[in-house]
Q: 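Below you will find the structure I want to go over with you.
Only this structure's heavy atoms are used, side chains among them; waters, hydrogens and symmetry mates stay out. Residue indices begin at 1 and follow the sequence shown.
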Amino acid sequence: MASSSVGRRLVACLLNVSEARREELVETVARAALYNNKAGVRREGTTVLNIFNDHDYNRSVITIVASIDSIREAVLSACEEACGLIDMGAHMGVHPRMGAVDLIPIYPLGEEVGVEDCAKEARAVAEGLTERVQGTSAFLFGWADSPLQRGLAQRRREMGWFRKTPELQAIRPDMGPRPHHPFGLTGVGASPYVMNCNVTIDTQDMAIGRSIAAALRGSTPGGLPGVQVLALPHGGAVEIACNVESVEGGPPGGTEPWPCFSIGGQPYCHVPASLITTRVAELAGGRGVGVKGTALVGFTPHECRALAEIALAQGIAEFWKERGKIRM
């Protein structure tokens, strides 16, 4: 990633909250990351680049970018707001979820920030959340889960996140009490950047969706490296929802270029969205099904860094309004 004085210490948090149908509520949560409500002033060096709302999932992703020194307070303020507005006991949506604030991943963007720095902030956010909002609970994943560094998918399985009705009282969180409503359970962690890419296929047959998801996963022989996949009903069709992790090393050989970047001199790359779309189209086509479209939930790492530098250099806090709700 190109260097700038603004960008060298930047980190991103793709805050996942369990609400999308009340868009004004989600914007209130986003603004809490930007403004100190007690003092009524804006937090310098912080921007919200995008808000991605999905009404079927009843889930939103808020892209918060700030310096490593500012991200903790921005994220905690947004989480406090969300916990005061969202009741998991009343939540309805087709996407798996366990918390009003369901996921807090923190990713390095600048050259002067490592994943270990993000892990330190993630642990502090988890501790701060459970202290500030009494009754909240958190589990740690990725680099924040020291020393095991278990990935998000593994920790979610351990917590029962993929179950239709998780047994909250059977869960032993890393911080806070046993989960309960209205807050549920929040995942907090750090890793190299994870992109979200969703491909919609033109069928309502979930068996077809699940077979495509299984073939696409990085854990499957012949699957795409770093890609974790769910098949979910969405808008009268099936969505192949992918978490696209950045993997160490350079891209593999092939005709499709893989976006690359480095963290602390270590090269990383990730599967491009175009390759995911192509592979889904091939798998779906073999089952007599077409592809309706692809959506990125937010940005690639390069886009996130570049847009954040523009927003911060121009002093634009509510950047999502400048660009509209892009990539919907």
Q: Determine whether Cys79 and Val29 satisfy the following criterion, side chain to side chain contact (heavy atoms under 4.5 Å, CB included), listing intermediate values before the conclusion.
A: CA-CA 7 Å; Cys79 290; Val29 173; over 6 Å; no
Q: Is there a donor in the side chain of Ser274 and an acceptor in the side chain of Thr277, or the other way round, less than 3.5 Å apart?
A: no
Q: Considering all heavy atoms of both residues, which atom of Thr46 and which atom of Ser70 are nearest to each other, and what is their separation?
A: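 Shortest heavy-atom contact: OG1-CB, 4.2 Å.
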Q: Find the distance between CG (Leu34) and CD1 (Ile316) and round it off to the nearest 0.5 Å.
A: 12.0 Å
Q: Taking atom types as modelled, find out whether Arg287 and Ser211 have a side-chain donor-acceptor pair closer than 3.5 angstrom.
A: yes
Q: Is there side-chain contact between Ile51 and Val26, with at least one heavy-atom pair below 4.5 Å?
A: yes
Q: Using the side-chain hydrogen bond (donor to acceptor under 3.5 Å, both in side chains) criterion, which residues pair with Ser77? Sequence neighbours excluded.
A: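 Ser77: side-chain hydrogen bond (donor to acceptor under 3.5 Å, both in side chains) contacts with Arg43, Glu73.
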Q: Only counting residues at least two apart or in another chain, list the ones meeting salt bridge (Lys or Arg N to Asp or Glu O under 4.0 Å) with Arg22.
A: Glu19
Q: To the nearest 0.5 Å, what is the distance between CG on Asp174 and CG on Leu140?
A: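 Here the rounded value is 4.5 Å.
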Q: Report the residues that fulfil salt bridge (Lys or Arg N to Asp or Glu O under 4.0 Å) with Glu131, sequence neighbours left out, ordered by chain and then residue number.
A: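 For Glu131 there are no salt bridge (Lys or Arg N to Asp or Glu O under 4.0 Å) partners, ignoring immediate neighbours.
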Q: In residues 88-95, what donor-acceptor pairs under 3.5 Å come from side-chain atoms, sequence neighbours left out?
A:
| residue | atom | partner | partner atom | Å |
| --- | --- | --- | --- | --- |
| His91 | ND1 | Arg97 | NE | 3.0 |
| His91 | NE2 | Ser18 | O | 3.3 |
| His91 | NE2 | Asn58 | O | 3.0 |

Q: List for me each residue that meets side-chain hydrogen bond (donor to acceptor under 3.5 Å, both in side chains) alongside Asp69, sequence neighbours excluded, and say none if there are none.
A: Arg9
Q: If you look at every heavy atom in Val227 and Cys242, which pair is closest and at what distance?
A: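 In terms of heavy atoms, the two residues are closest at CG1-CB, 4.0 Å.
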Q: Residues two or more places apart in sequence or in another chain: which of them pass side chain to side chain contact (heavy atoms under 4.5 Å, CB included) with Gln149?
A: Trp143
Q: Please list, chain by chain and in numerical order, all residues satisfying salt bridge (Lys or Arg N to Asp or Glu O under 4.0 Å) with Glu318, sequence neighbours excluded.
A: Arg31, Lys321
Q: Mind telling me whether Phe183 and His180 have parallel, tilted or perpendicular rings, with 30° and 60° as the class edges?
A: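 Rings of His180 and Phe183: perpendicular, over 60°.
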Q: Hey, mind stepping through Leu296 and Asn196 against side chain to side chain contact (heavy atoms under 4.5 Å, CB included) and telling me if it holds?
A: CA-CA 6 Å; Leu296 288 183; Asn196 303 105; over 6 Å; no
Q: Examine distances only and state if a side-chain atom of Ser262 and a backbone atom of Gly265 form a donor-acceptor pair shorter than 3.5 Å.
A: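 No.
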Q: Would you indicate whether the side-chain heavy atoms of Val11 and Leu109 approach each other to under 4.5 Å?
A: no
Q: Only counting residues at least two apart or in another chain, list the ones meeting ring pair (Phe, Tyr, Trp, His ring centres under 6.0 Å) with Tyr193.
A: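 Testing Tyr193 for ring pair (Phe, Tyr, Trp, His ring centres under 6.0 Å), a comparison that skips the adjacent residues, returns Tyr107.
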Q: One thing to verify: whether Arg72 and Glu121 come together as a salt bridge, which I'm taking to mean a side-chain N less than 4.0 angstrom from a carboxylate O.
A: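 Salt bridge between Glu121 and Arg72, a charged N being under 4.0 Å from a carboxylate O: yes.
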Q: Which atom pairs, one a donor and one an acceptor, fall under 3.5 Å between side chains of residues 113-120 and the rest of the protein, sequence neighbours left out?
A:
| residue | atom | partner | partner atom | Å |
| --- | --- | --- | --- | --- |
| Asp117 | OD2 | Gly114 | N | 2.8 |

Q: Salt bridge (charged side-chain N to carboxylate O under 4.0 Å, His left out): which pairs involve residues 237-250, sequence neighbours left out?
A: none
Q: In Å and rounded to the nearest 0.5 Å, what is the OG1 to CG distance from Thr28 to Leu85?
A: 6.5 Å
Q: Is there a side chain to side chain contact (heavy atoms under 4.5 Å, CB included) between Leu14 and Leu103 once you walk through the steps?
A: CA-CA 8 Å; Leu14 273 62; Leu103 187 66; over 6 Å; no
Q: Could I get the full list of side-chain hydrogen bond (donor to acceptor under 3.5 Å, both in side chains) partners for Ser60, not counting sequence neighbours?
A: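 For Ser60, the residues satisfying side-chain hydrogen bond (donor to acceptor under 3.5 Å, both in side chains) (neighbours in sequence not counted) are Asn53.
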Q: Could you tell me the separation between the CD atom of Gln154 and the CG atom of Asp145, rounded to the nearest 0.5 Å?
A: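 So the CD of Gln154 and the CG of Asp145 are separated by 8.0 Å.
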Q: Hey, could you give me the CD/CG distance between Gln134 and Leu129, rounded to the nearest 0.5 Å?
A: 10.0 Å
Q: Who pairs with Arg217 by salt bridge (Lys or Arg N to Asp or Glu O under 4.0 Å), at least two apart in sequence or on another chain?
A: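 Testing Arg217 for salt bridge (Lys or Arg N to Asp or Glu O under 4.0 Å), a comparison that skips the adjacent residues, returns none.
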Q: Find the distance between OG1 (Thr200) and NE2 (His234) and round it off to the nearest 0.5 Å.
A: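 Going from OG1 on Thr200 over to NE2 on His234, the span is 6.5 Å.
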Q: Under the 3.5 angstrom rule, does the side chain of Thr130 hit a backbone N or O of Thr136 as a donor-acceptor pair?
A: no
